[in-house]
Asker: 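So that we are looking at the same thing, I have put the structure below in structure tokens.
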Amino acid sequence: MTVNSRPAGPVMLGQNQYGKAENRVVKITRDGATHHIKDLNVSVSLSGDMEEVHYSGSNANVLPTDTTKNTVFAFAKEYGIESAEQFGIHLARHFVTSQEPIHRARIRIEEYAWERIETSDANSRFIGADEVKHSFVRKGQETRLTQITYDGSTWEVISGLKDLTVMNSTNSEFWGYVKDKYTTLQEAHDRILATSVAGRWRFNWIDDEQKMPNWEKSYEQVKKHMLHAFAETYSLSLQQTMFQMGSRIINNRSEIDEVRFSLPNKHHFLVDLQPFGLKNDNEVYFAADRPYGLIEATILRDGCEPRIPVDLTNL
């Protein structure tokens, strides 16, 4: 069989990548009777000298996607999972440095949090309650995210979260907006403000000469500042609240240069109870899941360039 190089003509290969998506790995760390869980969904994407496999079908430069899957599980054992970011860094470094044709690795990780079940004071029939350190309940607040990209010299770490639903039941207004012949929305001077936060933040750690951030502490602190800003901002618009959330992160976390939010406005409309002879004094609402206003913005440290993609689905 003849191996052909790039075909003649007006057609050429553009950007390409391959890998194994959504490797679900759960790592149990057994510290005596006390157990710890890390629960990840890991997607690996590799790119480099891959023209020939597209032009001729030659797999000479192709590391099988099955191998990338096996590497994820082997690394969970070999390196453990200190954090999603650290695990992704180990994987990205391995693929780029161990395979000459691979010039760039991108690791995307979703992390699902668990917390320990608090047991009762009374002893179980089978296990003393004070000995139960291996039972967990899945946390449901949000899914933690990270994306690690490495090209052999430069790192890009973009972490974040999704599905963090928050609400202010007051201290929110919306009025003074543009009105035209299609406007029916009534001005609100006391409304519910609710959203499901999808956020990404980019670290300024880019090479191995820099001190690496404490990934776990950073995530906890970013989430804390984000929630505090949401709760403490008297909101005249969701845009204003969003900017305050990003500003609080930039001002308090020196390791982060850029934050991007995508916030769907989860509308709550006052129900008209007058037909029933009842007055609705901001008490009963209809929660509409769609259509929803979608508010998005990037908040940057002064002097920094935006690098988080505007369309978060294309991260």
Side-chain angles (χ1 to χ4, degrees), residues 19-31 34-46 68-95 105-117 133-150 155-166 195-203 205 212-227 245 249 253 255-256 258-263 308-309 312-315:
K20 206 72 159 184
E22 301 202 26
N23 300 279
R24 289 286 280 108
V25 55
V26 176
K27 174 67 165 64
I28 307 295
T29 301
R30 303 175 187 274
D31 182 14
T34 302
H35 296 180
H36 308 274
I37 294 179
K38 280 291 188 180
D39 184 353
L40 307 182
N41 189 17
V42 182
S43 293
V44 177
S45 179
L46 309 174
T68 67
K69 175 203 70 177
N70 294 342
T71 305
V72 170
F73 290 104
F75 271 38
K77 169 62 179 177
E78 290 184 54
Y79 293 99
I81 302 176
E82 176 185 319
S83 67
E85 288 85 354
Q86 186 66 64
F87 190 62
I89 287 167
H90 282 310
L91 287 168
R93 192 191 304 277
H94 166 78
F95 289 122
R106 187 196 68 202
I107 314 296
R108 287 179 176 167
I109 300 176
E110 295 184 349
E111 179 176 347
Y112 314 113
W114 296 78
E115 60 186 351
R116 209 172 304 282
I117 295 174
K133 298 176 183 178
H134 56 258
S135 297
F136 301 85
V137 59
R138 172 84 170 264
K139 281 186 179 179
Q141 266 195 353
E142 82 273 2
T143 299
R144 180 173 168 179
L145 308 167
T146 193
Q147 174 177 289
I148 315 296
T149 307
Y150 182 55
W155 295 95
E156 182 183 74
V157 181
I158 299 174
S159 293
L161 54 79
K162 65 178 182 179
D163 301 328
L164 179 66
T165 302
V166 292
T195 185
S196 180
V197 179
R200 305 288 193 281
W201 45 91
R202 179 173 57 82
F203 291 87
W205 179 80
M212 192 178 292
N214 182 325
W215 306 112
E216 297 292 90
K217 179 181 178 182
S218 180
Y219 180 82
E220 293 170 5
Q221 290 295 309
V222 167
K223 182 181 173 184
K224 180 191 77 172
H225 290 300
M226 181 193 308
L227 291 177
M245 291 163 67
I249 294 169
R253 302 307 305 174
E255 73 273 22
I256 293 167
E258 178 184 4
V259 182
R260 180 157 182 86
F261 286 120
S262 181
L263 303 183
I308 301 176
L312 291 179
T313 61
N314 289 333
L315 272 177

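The figures that follow rest on heavy atoms only: side chains count, while hydrogens, waters and symmetry mates do not.
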Asker: Taking the side chain as every heavy atom from C-beta outward, state whether F203 and S218 have any pair of such atoms under 4.5 Å apart.
Answerer: yes
Asker: Do L227 and L164 have side chains that get closer than 4.5 Å, going by heavy atoms?
Answerer: yes
Asker: Using the ring of each side chain (for Trp, its six-membered ring), is Y79 parallel, tilted or perpendicular to H90, with breaks at 30° and 60°?
Answerer: parallel
Asker: Are any non-hydrogen side-chain atoms of M226 and L161 less than 4.5 angstrom apart?
Answerer: yes
Asker: What's the verdict on salt bridge (Lys or Arg N to Asp or Glu O under 4.0 Å) for E110 and R24, showing C-alpha distance, side-chain angles and the deciding distance?
Answerer: CA-CA 9 Å; E110 295 184 349; R24 289 286 280 108; over 6 Å; no
Asker: Can you measure from CH2 (W201) to OG1 (T146) and round to the nearest 0.5 angstrom?
Answerer: 9.5 Å
Asker: NE2/H36 to CG/D31 distance, rounded to the nearest 0.5 angstrom?
Answerer: 4.5 Å
Asker: Show the nearest heavy-atom pair for residues L40 and A84, with the distance to one decimal.
Answerer: CD2-CB, 4.4 Å
Asker: Are the side chains of I89 and W205 in contact, using a 4.5 Å heavy-atom criterion?
Answerer: yes
Asker: Hey, is CD on E82 packed in by over 12 heavy atoms from elsewhere, all under 6.0 Å?
Answerer: no
Asker: Let me see the working for F87 and W215 under side chain to side chain contact (heavy atoms under 4.5 Å, CB included), right down to the final yes or no.
Answerer: CA-CA 11 Å; F87 190 62; W215 306 112; over 6 Å; no
Asker: For residues L91 and T71, determine if any side-chain heavy atom of one lies less than 4.5 Å from a side-chain heavy atom of the other.
Answerer: yes
Asker: Grab the two heavy atoms, one from G199 and one from F261, that are nearest each other, plus how far apart they are.
Answerer: CA-CD2, 3.8 Å
Asker: Within this structure, what is the CD1-NE2 distance for the pair I249 and H225, rounded to the nearest 0.5 Å?
Answerer: 8.5 Å
Asker: Which of parallel (below 30°), tilted (30 to 60°) and perpendicular (above 60°) describes Y150 and W155?
Answerer: parallel
Asker: Do you know the tightest heavy-atom contact between G19 and T68?
Answerer: C-OG1, 4.5 Å
Asker: Determine yes or no for a side-chain-to-main-chain donor-acceptor pair under 3.5 angstrom, with N23 supplying the side chain and K69 the backbone.
Answerer: no
Asker: Taking the side chain from R116 and the backbone from K133, do they hold a donor-acceptor pair closer than 3.5 Å?
Answerer: yes
Asker: Find out whether D39 and F136 are in side-chain contact, i.e. whether some heavy atom of one side chain is under 4.5 Å from a heavy atom of the other.
Answerer: no
Asker: Check E85 against I148 and note the closest heavy-atom contact, atom names and distance.
Answerer: O-CD1, 3.8 Å
Asker: Heavy atoms, side chains only, cut-off 4.5 Å: are R144 and K223 in contact?
Answerer: no
Asker: Kindly determine whether V197 and M245 satisfy side chain to side chain contact (heavy atoms under 4.5 Å, CB included), including the steps that lead there.
Answerer: CA-CA 11 Å; V197 179; M245 291 163 67; 4.1 Å; yes
Asker: Would you indicate whether the side-chain heavy atoms of E255 and K217 approach each other to under 4.5 Å?
Answerer: no
Asker: Rounded to the nearest 0.5 Å, what separates atom OH in Y112 from atom CG in N41?
Answerer: 4.0 Å
Asker: Is a salt bridge present between K38 and E216, judged by a nitrogen-to-oxygen distance below 4.0 Å?
Answerer: yes
Asker: Search all heavy atoms of A76 against all heavy atoms of V25 and return the closest pair with its distance.
Answerer: CB-CG2, 3.8 Å
Asker: If you measure from CD on Q147 to OG on S159, what distance do you get to the nearest 0.5 Å?
Answerer: 9.5 Å
Asker: Donor-acceptor pair, S43 side chain versus E22 backbone, under 3.5 Å?
Answerer: yes
Asker: Measuring from atom CD of Q86 to atom CD1 of I109, what distance do you get when rounded to the nearest 0.5 angstrom?
Answerer: 10.5 Å
Asker: Please test H35 against I37 for side chain to side chain contact (heavy atoms under 4.5 Å, CB included), starting from the C-alpha separation and ending with a verdict.
Answerer: CA-CA 7 Å; H35 296 180; I37 294 179; 5.9 Å; no
Asker: Test your reading of the model: is there a side-chain donor-acceptor pair from E258 to the backbone of I308, 3.5 Å cut-off?
Answerer: yes
